[in-house]
Amino acid sequence: MTALTLSTAGAATLRADALVVGVAKPADGGKGLVAPPRAAAVAAAFDGKLATVLETLGASGAEGEVVKLPSPDGVKAPLVVAVGLGQAPEKDAAFPRETLRRAAGAAARALHGTKKAAFGLPVDSAEDAQAVAEGALLGAYAFTAYQDRGKDAKGPLAEVALLGGKPRDKAYKAAAERALVLAEEVNRARDLINTPPNDLTPEAFAAVATAAGKENGLKVQVLDEKALAKGGYGGILGVGAGSQNPPRLVRIAYTHPEAQRTLALVGKGITYDSGGISLKPAGHNETMKCDMSGAAAVFAAVVAAARLGLPVNVTGWLALAENMPSGSATRPGDVLRMYSGKTVEVLNTDAEGRLVLADAITRASEENPDAIVDVATLTGAMMVALGSRTFGIMANDDAYRTAIHEVAEEVGEQSWPMPLPSDLRKGMDSPTADIANMGERMGGGLVAGLFLKEFVGEGITWAHLDIAGPAFNEGGPFGYTPKGGTGSSVRTLVRLAERTAAGDLG
Ligand code: BES
Ligand code: MN
Ligand code: ZN
């Protein structure tokens, strides 16, 4: 992955292939450009004319805008990359961190094929530096494992030098280290999501988790199809029944000797969702390798917690199965006996995520954690409700739901609290079983949440993140978000673990 260094060098004097600076619209909403905020040396090298030059080139300072220009004498890097920051904050206040993160990401993407870039964005604190570093490292991501474009292939930006970095300052050093771990783990999730489903089977995913667990001192246990049958995991087995690639339940645990709390994370890991016998039509199945994004996020977050040495226990549960139609597949009308003992009438085999999650949530509950958070690409309905960049948060505890929303805001992930209206429960009444896996169409995301709620152990705080929208970017890249797997919710989960450690949550 892209390397990261902190540099005390001035923006104009650092040897690099490109220098990234910010361009903003004036704080007062007036005309013209503020370029470059907090980079006096660069302004001086341009004789104070950088803003004018950029205006000539059509720059507006809008977020996401990237304008390249050759450097004048006095700037060592031959290329200046001016990236839009939107409107400058009033009175020299710091730019919002997510603005910096996105700007750094847009610049890093525009620098694909470049060796070393110096980032001279307006950084006022170690936290700002972390945001810029995260954005640059996330924006530089590329998934090329399945492409061989020969030796001319351009790689992603190879090295990020953070200016104004204060490498001897403890806070800045820690910020750089955190940014590197977070970006590497988000990118680990992205790689898994982007890996095609013929290669990333439940068994292959479990093997990846086992190897990473070993590398990071984590305890990993894998239940294969035999162990799942012996344990009575009817939900996971029922979903995996149609596939040649049998299901797995992975427990991956990070423990800290001084931990006071335990956070359980449960991830939906459908390595491919064809819909099963309730087959998805063409046009709805091409991206369904992304249906293990929840498990990928959980896995990456546990590894990140370990690498950061957070003083909290984090247990990840990866509910892995492939949802396929075949002669052995679960039929609409079948009744499954779940790990909890409850029976579920499967009315639609495409509502499979809640079945694998239910078993994993019941299992996670047995260890009586302080909280359980599940993460899943669960419903198309959540995308209809919130669009493709915002995940929904449901919970059995209003304060916890609010806390997770705030945590997500803190790390720059878009989310919104959603209710679990009890009147929707009766739509899942089944004449045959304890509950059906489908209910009313309206509010489908909330119905799915209500289903999961029934499998949470008595008295345990629980939240559910439906990341169906933001998990996989089908549009063009933006900010630090690439096309394809995004790693949505990884940063939220890691921050949540941190807050749990501090004891200010669940
Ligand atoms: N994996 C899908 C949800 C999904 C849709 C994720 C689009 C990402 C993008 C899930 O398993 C599913 O098929 N849900 C059904 C539920 C319905 C049958 C009750 C849905 O949302 O249509
Ligand atoms: Mn489905
Ligand atoms: Zn699914």
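Whatever order the structure lists ligands and atoms in, that order sets their numbers, starting from 1. In this text the structure is predicted, and so the values were computed from the model without any measurement.
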| query | Does ligand 1 have any atom sitting under 4.0 Å from a heavy atom of His284? | reply | no
| request: Determine whether the side chains of Tyr272 and Asn245 contain a donor N or O and an acceptor N or O closer than 3.5 Å. | output: no
| Is the distance from the Mn ion (ligand 2) to the nearest N/O/S atom of Asp291 under 2.8 Å? | no
| remark: Per-atom filter on ligand 1: closer than 4.0 angstrom to a heavy atom of Glu352 are 11 (O)
| note | Under 4.0 Å between heavy atoms, the region of Met383 that gets near ligand 1 turns out to be side chain
| field | Under 2.8 Å: N/O/S of Leu378 next to the Zn ion (ligand 3) | value | no
| said: When you compare the side chain of Ile435 with that of Asp429, does any pair of heavy atoms fall below 4.5 Å? | reply: no
| note | Per residue Asp273, nearest N, O or S atom to the Zn ion (ligand 3) is named OD2
| said: Counting non-hydrogen protein atoms only, what is the nearest one to atom 2 (C) of ligand 1? Give residue, atom name and distance. | reply: Asp273 OD2, 3.6 Å
| query | Tell me: protein heavy atom nearest atom 18 (C) of ligand 1, and distance? | reply | Asn348 ND2, 3.5 Å
| message | Heavy atoms only, cut-off 4.0 Å: how does Leu378 contact ligand 1, side chain, backbone, both, or neither? | response | backbone
| field | Atoms of ligand 1 close to Met438 [distance to a heavy atom under 4.0 angstrom, numbered from 1] | value | 19 (C)
| When you measure from atom 22 (O) of ligand 1 to every protein heavy atom, which one gives the shortest distance, and what is it? | Gly380 N, 4.5 Å
| said: Could you identify the N, O or S atom of Asp291 positioned closest to the Zn ion (ligand 3)? | reply: OD2
| query | With distance as the sole criterion, is a donor-acceptor pair present between the side chains of Ser326 and Ser328 under 3.5 Å? | reply | yes
| NZ or CZ of Arg109 within 45° of Tyr480 ring axis and under 6.0 Å | no
| Test item: side-chain donor near acceptor, Asp434 and Thr343, under 3.5 Å | yes
| message | Can a side-chain donor-acceptor contact be found between Thr377 and Asp291 if the only test is distance below 3.5 angstrom? | response | yes
| Basic-acidic side-chain contact under 4.0 Å: Lys268, Asp374 | no
| query | When you check the side-chain N and O atoms of Thr271 and Glu322, is any donor under 3.5 Å from an acceptor? | reply | no
| note | Here the atoms of ligand 1 under 4.0 Å from any heavy atom belonging to Lys268 are 1 (N), 10 (C), 11 (O)
| request: Provide, to 0.1 Å, the distance between atom 7 (C) of ligand 1 and the closest protein heavy atom, together with that atom's residue and name. | output: Met288 CE, 3.5 Å
| note | If you scan protein heavy atoms around atom 1 (N) of ligand 1, the nearest is Asp291 OD1, 2.8 Å
| Are the side chain of Asn187 and the backbone of Leu138 linked by a donor-acceptor contact shorter than 3.5 Å? | no
| Counting only heavy atoms, which portion of Asp350 has something under 4.0 Å from ligand 1: side chain, backbone, both, or neither? | both
| Angular separation of OD2 (Asp273) and OE1 (Glu352) seen from the Mn ion (ligand 2), to 10° | 100°
| field | Pair Ser388-Glu474, side-chain donor/acceptor within less than 3.5 Å | value | no
| query | Purely on distance, is any nitrogen or oxygen of Arg354 under 3.5 Å from one on ligand 1? | reply | no
| request: Assess Arg102 against Phe478: is NZ or CZ under 6.0 Å from the centre of the six-membered ring, and within 45 degrees of the ring's axis? | output: no
| Is the Zn ion (ligand 3) less than 2.8 Å from at least one N/O/S atom of Glu352? | yes
| query | Side chain or backbone of Met382 under 4.0 Å from ligand 1, or both, or neither, by non-hydrogen atoms? | reply | neither
| query | What class does the angle between the rings of Tyr339 and Tyr233 fall in, given that below 30° is parallel, 30 to 60° is tilted and above 60° is perpendicular? | reply | parallel
